[in-house]
Amino acid sequence: MIMSRIEARRDEDTVAAGPLVDRLLGGLPPEAVLTDPDVTASYANDMASFCPAGSPAVVVLPRTVEQVQHVMRTATELRVPVVPQGARTGLSGAANATDGCIVLSLTRMDAILEISPVDRIAVVEPGVVNAALSRAVGEHGLYYPPDPSSWETCTIGGNIGTASGGLCCVKYGVTAEYVLGLDVVLADGRLMSTGRRTAKGVAGYDLTRLFVGSEGSLGVVVRAVLALRPKPPGQLVLAAEFASSAAACDAVCRIMAGGHVPSLLELMDRTTVKAVNDMARMGLPESTEALLLAAFDTTAPAADLAAVGALCEAAGATQVVPAEDAAESELLLQARRMSLVALEAVKGTTMIDDVCVPRSRLGELIEGVERISEKYRLTIGVVAHAGDGNTHPTVCFDAADPEESRRARESFDEIMALGLELGGTITGEHGVGVLKKEWLAREIGPVGLEMQRAVKQVFDPLGILNPGKLF
């Protein structure tokens with residue numbers, strides 16, 4: 001029903017660009033409204049493969065809450081779809097434009113409004129870059145844990161929209177656990193505040209959590225109250241090599257069952273290790289079938305690493321190398337940070353999956369991906385936030401080869417099906433967007449889908465907010 005209303009407007013070519021732009025300029029400065037087709041085309045999509053994107057009618061870059069409200073009022077009056085965007089580093093097509101839409105880019109709303117060491121909160125606008133916030137709160141002895149791989153460029157608003165994760169989630173959790181309150185501009189331009197600034201609060205339905213991960217489909221986040229933690233000591237890292245992925249996954253299970261709380265627990269399979277070696281000449285042994293990286297930021301990290309190293313050896317590690325200081329730790333982490341770039345270099349294009357399974361089934365997933373790789377005659381490397389069971393099988397292919405592209409898409413779908421079979425979920429941190437719409441329906445079932453659509457209808461009765469995403 002929601003989509004049919006939007007499609008009906010498209011039959012009339014939505015709203016003529018001229019009147020739409022004139023209405024927008026009634027409440028926005030000229031430099032905030034972009035209409036050059038060559039410029040607006042650059043805002044059409046995020047970093048996902050196989051996700052269609054339309055042509056925006058206009059791109060708007062507001063600097064104030066009032067300007068965002070004006071955009072949404074105009075969109076409601078003219079029945080024009082609006083696609084909220086951050087830095088467009090997402091991997092699901094959630095920020096992709098639709099034909100004739102207003103792209104609402106929030107990157108210029110980038111102020112850190114408050115940092116409170118006493119309340120341990122930060123109040124920020126959505127365009128604040130994750131790394132900039134981390135550095136700012138660090139000056140106060142505080143720590144904002146969520147750290148997506150794109151943290152140097154991705155924005156807090158985008159992190160909230162897609163419920164981002166990161167390398168440290170095994171100990172500190174994901175973005176949703178740090179969002180205490182939000183200011184949200186609704187589809188009709190009204191401003192709503194959710195949540196709190198306090199350490200505790202249970203008043204009413206938790207609408208804050210509802211917006212986290214909603215991919216801009218329920219409202220536009222214009223301010224966020226974020227929880228902070230005391231800055232932890234510097235971490236030490238251990239690298240353990242294994243002769244099989246199964247042995248590495250066994251080590252992960254032993255570490256978690258033993259009650260250890262690493263700040264990072266990452267796994268790279270042999271395909272990824274080889275890709276990193278080929279690109280960076282890091283000297284990792286060619287015989288490595290799996291590389292496990294563990295880190296601790298406790299007061300006695302060396303002792304924690306020793307205990308985890310012993311568990312790795314008991315699981316069959318062929319070599320265990322603990323770092324002695326921060327510099328060595330950084331060297332050990334370089335391989336993990338290079339993983340996705342190295343895999344992209346294999347064929348030029350990658351399709352990054354985001355399947356999360358129970359930790360106890362991690363080995364089965366990696367073995368299944370190996371079989372899928374052989375079946376489709378494709379290079380598929382797996383990097384994983386192993387402590388969370390969150391894997392990123394990365395399909396390498398030549399986008400200029402239609403047959404190889406078809407096999408890449410089919411292998412991607414088969415990996416998602418495998419994840420569901422193992423009791424997992426289709427996405428641990430990248431979101432649904434366009435890429436996984438049909439898979440969301442399979443995961444949550446018809447009743448769950450009906451309820452989610454009903455929620456969407458309440459917040460966005462005209463269906464103008466990020467139409468075509470999620471479901």
Side-chain angles (χ1 to χ4, degrees), residues 147 149 166-172 232-343 345 359 362-363 366 370 381-392 394:
D147 62 342
S149 295
L167 300 185
C168 71
C169 294
V170 62
K171 179 174 182 178
Y172 293 105
Q235 64 181 4
L236 283 182
V237 178
L238 170 148
E241 298 172 16
F242 292 87
S244 70
S245 292
C249 292
D250 180 30
V252 170
C253 292
R254 290 171 186 252
I255 291 166
M256 301 309 292
H260 298 282
V261 187
S263 55
L264 174 151
L265 191 58
E266 299 287 304
L267 185 147
M268 300 161 57
D269 73 348
R270 65 167 178 259
T271 301
T272 307
V273 170
K274 182 179 184 304
V276 170
N277 261 344
D278 290 346
M279 185 185 76
R281 303 291 186 264
M282 292 198 68
L284 300 172
E286 295 295 333
S287 59
T288 299
E289 292 290 310
L291 183 68
L292 187 66
L293 299 170
F296 286 86
D297 58 6
T298 55
T299 54
D304 289 313
L305 288 186
V308 165
L311 291 175
C312 288
E313 289 172 346
T318 55
Q319 186 175 9
V320 175
V321 181
E324 294 184 359
D325 54 32
E328 285 190 9
S329 294
E330 184 60 30
L331 284 172
L332 291 174
L333 288 176
Q334 279 185 11
R336 171 62 182 88
R337 293 198 178 108
M338 292 178 182
S339 295
L340 297 181
V341 176
L343 287 167
R359 298 183 192 101
L362 183 60
I366 293 176
E370 291 176 356
V382 178
V383 291
H385 308 309
D388 305 322
N390 190 185
T391 67
H392 297 307
T394 302

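The model shown is predicted, which means the values in this text are computed figures rather than measured ones.
- In this structure, Glu324 and Glu328 approach most closely via the heavy-atom pair N-OE1, 3.0 Å.
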Indicate every side-chain donor-acceptor pair of residues 306-323 with a distance under 3.5 Å to a residue at least two apart or in another chain.
| residue | atom | partner | partner atom | Å |
| --- | --- | --- | --- | --- |
| Thr318 | OG1 | Glu241 | O | 3.2 |

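- Asn277 is linked by a side chain to side chain contact (heavy atoms under 4.5 Å, CB included) to Val273, Met282, Leu284, Glu286, counting only residues two or more places apart in sequence or in another chain.
- Here CG of Asn390 is found 7.5 Å from SG of Cys169. Values are rounded to the nearest 0.5 Å.
- Between atom CG of residue Leu343 and atom OG1 of residue Thr272 there is a gap of 4.5 Å, rounded to the nearest 0.5 Å.
- In terms of heavy atoms, Ala386 sits closest to Leu267 at CB-CB, 4.0 Å.
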Q.
Could you walk me through whether Met256 and Val170 satisfy the side chain to side chain contact (heavy atoms under 4.5 Å, CB included) test, starting with their C-alpha distance in whole Å, then the side-chain angles of each, then the deciding distance to 0.1 Å, before giving a yes or no?
A. CA-CA 10 Å; Met256 301 309 292; Val170 62; 4.1 Å; yes
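- Every residue meeting the side chain to side chain donor-acceptor pair (under 3.5 Å) condition with Arg336, not counting sequence neighbours, appears here in chain and number order: Glu266.
- Between the CG atom of Asp269 and the OG atom of Ser245 there is a distance of 5.5 Å, given to the nearest 0.5 Å.
- In plain terms, the two heavy atoms of Leu292 and Ile255 that are nearest each other are CD2-CD1, 4.2 Å.
- Taking 4.5 Å as the limit, some side-chain heavy atom of Asp297 sits within range of a side-chain heavy atom of Lys171.
- Contact annotation: the side chain of Leu362 approaches that of Thr391 to within less than 4.5 Å [non-hydrogen atoms, C-beta and beyond].
- Applying the ring-ring contact (aromatic ring centres under 6.0 Å, His included) criterion to His385, with sequence neighbours excluded, gives His392.
- Under the side chain to side chain contact (heavy atoms under 4.5 Å, CB included) criterion, Leu333 pairs with Gln235, Val237, Leu264, Leu293, Arg337, sequence neighbours left out.
- Heavy atoms from other residues, nucleotides or ligands lying under 6.0 Å from NZ of Lys274 number 12 at most.
- Nearest heavy atom pair, residue Thr288 against residue Arg270, reads O-CB, 3.6 Å.
- Ala326 and Leu236 get closest at one heavy-atom pair: N-CD2, 4.2 Å.
- Asp388 meets the side chain to side chain donor-acceptor pair (under 3.5 Å) test with no other residue; sequence neighbours excluded.
- Note that CG of Leu167 and OH of Tyr172 are 13.0 Å apart. Values are rounded to the nearest 0.5 Å.
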